[in-house]
*Asks:* 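Quick one: structure below, then a few questions.
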Amino acid sequence: MHQVKMFKSVDTEMADMEYQINRWMRKSGARVISITGNMSGSPNSSGGPLSSFAANDVLVIVLYEVDAPQKA
C-alpha cells in the first residue's frame, strides 16, 4: 500500500531536515519509492543571516510503500 510523508522546513535549516528525513527512513523501515522536493520564494531571497530577505520554504514529499493491513 502506498503512503505519503511530507517534511517542511526552510532553506537555512536544510541539514536538519536531511537528518530528520534520513532518521525517519531508518526508524520506519519504509520502502521509499520516490522523493520529490520544492523550494518556494523569490529568486533574490538568499535567506542568509545578514540578508534582509526571508528564508525560502522547502517541502519534501516521500512516497513509500508499506504492507497492507491484514484483514481479520
Side-chain angles (χ1 to χ4, degrees):
M1 178 182 339
H2 289 177
Q3 300 284 306
V4 173
K5 175 83 173 163
M6 291 189 257
F7 298 88
K8 182 180 179 287
S9 189
V10 291
D11 63 350
T12 56
E13 298 174 1
M14 292 286 280
D16 291 336
M17 187 169 70
E18 288 174 8
Y19 175 80
Q20 181 183 11
I21 293 168
N22 289 327
R23 183 172 180 256
W24 171 80
M25 286 192 298
R26 280 191 310 273
K27 291 189 118 196
S28 71
R31 295 183 302 271
V32 175
I33 297 167
S34 71
I35 299 176
T36 305
N38 190 29
M39 184 180 295
S40 67
S42 70
N44 296 327
S45 60
S46 64
L50 301 177
S51 172
S52 61
F53 296 103
N56 293 316
D57 290 331
V58 177
L59 176 67
V60 174
I61 302 169
V62 179
L63 177 64
Y64 66 101
E65 189 173 55
V66 295
D67 295 329
Q70 300 295 324
K71 295 183 180 182

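Quantities reported herein were computed from a predicted structural model and do not represent experimental measurements. Quick note: numbers below take in every heavy atom, side chains included, and nothing from hydrogens, waters or symmetry partners.
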*Asks:* Can you tell me how far CD of Q20 sits from CD of E13, rounded to the nearest 0.5 angstrom?
*Replies:*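 Between E13 CD and Q20 CD, I get 10.5 Å after rounding to 0.5 Å.
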*Asks:* Measure the NZ-OG distance between K8 and S40 for me, rounded to the nearest 0.5 Å.
*Replies:*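 Going from NZ on K8 over to OG on S40, the span is 8.0 Å.
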*Asks:* Could you note down all residue pairs passing salt bridge (charged side-chain N to carboxylate O under 4.0 Å, His left out) where residues 16-37 supplies at least one of them, sequence neighbours left out?
*Replies:*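 For residues 16-37: R31-E65, R31-D67.
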*Asks:* When clusters are formed by joining ILVMFWY residues with side-chain heavy atoms under 4.5 Å apart, either directly or through shared neighbours, do V4 and V60 land in the same one?
*Replies:*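 In one cluster with V4: V60, no.
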*Asks:* Is there a path of hydrophobic side-chain contacts, each under 4.5 Å between heavy atoms of I/L/V/M/F/W/Y residues, joining I61 to V32?
*Replies:*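 As far as the 4.5 Å side-chain criterion goes, I61 and V32 are not connected within one cluster.
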*Asks:* Between CG of L63 and NZ of K5, what distance do you get to the nearest 0.5 Å?
*Replies:*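 The distance works out to 14.0 Å.
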*Asks:* Any link between F7 and Y19 through a network of hydrophobic side chains (Ile, Leu, Val, Met, Phe, Trp, Tyr) touching at under 4.5 Å?
*Replies:*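 They do not share one cluster, since no chain of ILVMFWY contacts under 4.5 Å joins F7 to Y19.
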*Asks:* Give a yes or no on whether M6 atom CE has more than 12 heavy-atom contacts from other residues, nucleotides or ligands under 6.0 Å away.
*Replies:*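 Atom CE in M6 is not crowded, with 12 or fewer foreign heavy atoms closer than 6.0 Å.
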*Asks:* How close do V62 and W24 get, counting heavy atoms only, and between which atoms?
*Replies:*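 Smallest interatomic distance, heavy atoms only, reads CG1-CZ3, 3.9 Å.
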*Asks:* Among all residues two or more places apart in sequence or in another chain, which pass the side-chain hydrogen bond (donor to acceptor under 3.5 Å, both in side chains) test with N22?
*Replies:*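 Not a single residue meets the side-chain hydrogen bond (donor to acceptor under 3.5 Å, both in side chains) criterion with N22.
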*Asks:* Measuring from L59:CG to M17:CE, what's the distance to the nearest 0.5 Å?
*Replies:*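 Taking CG in L59 and CE in M17, the distance rounds to 8.0 Å.
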*Asks:* Do side-chain atoms of N56 reach the backbone of D11 as a donor and acceptor pair under 3.5 angstrom?
*Replies:*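 No, N56 side chain to D11 backbone: no donor-acceptor pair under 3.5 Å.
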*Asks:* Between V58 and V10, which heavy-atom pair has the shortest distance, and what is it?
*Replies:*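 So the minimum-distance heavy-atom pair works out to CG2-C, 3.9 Å.
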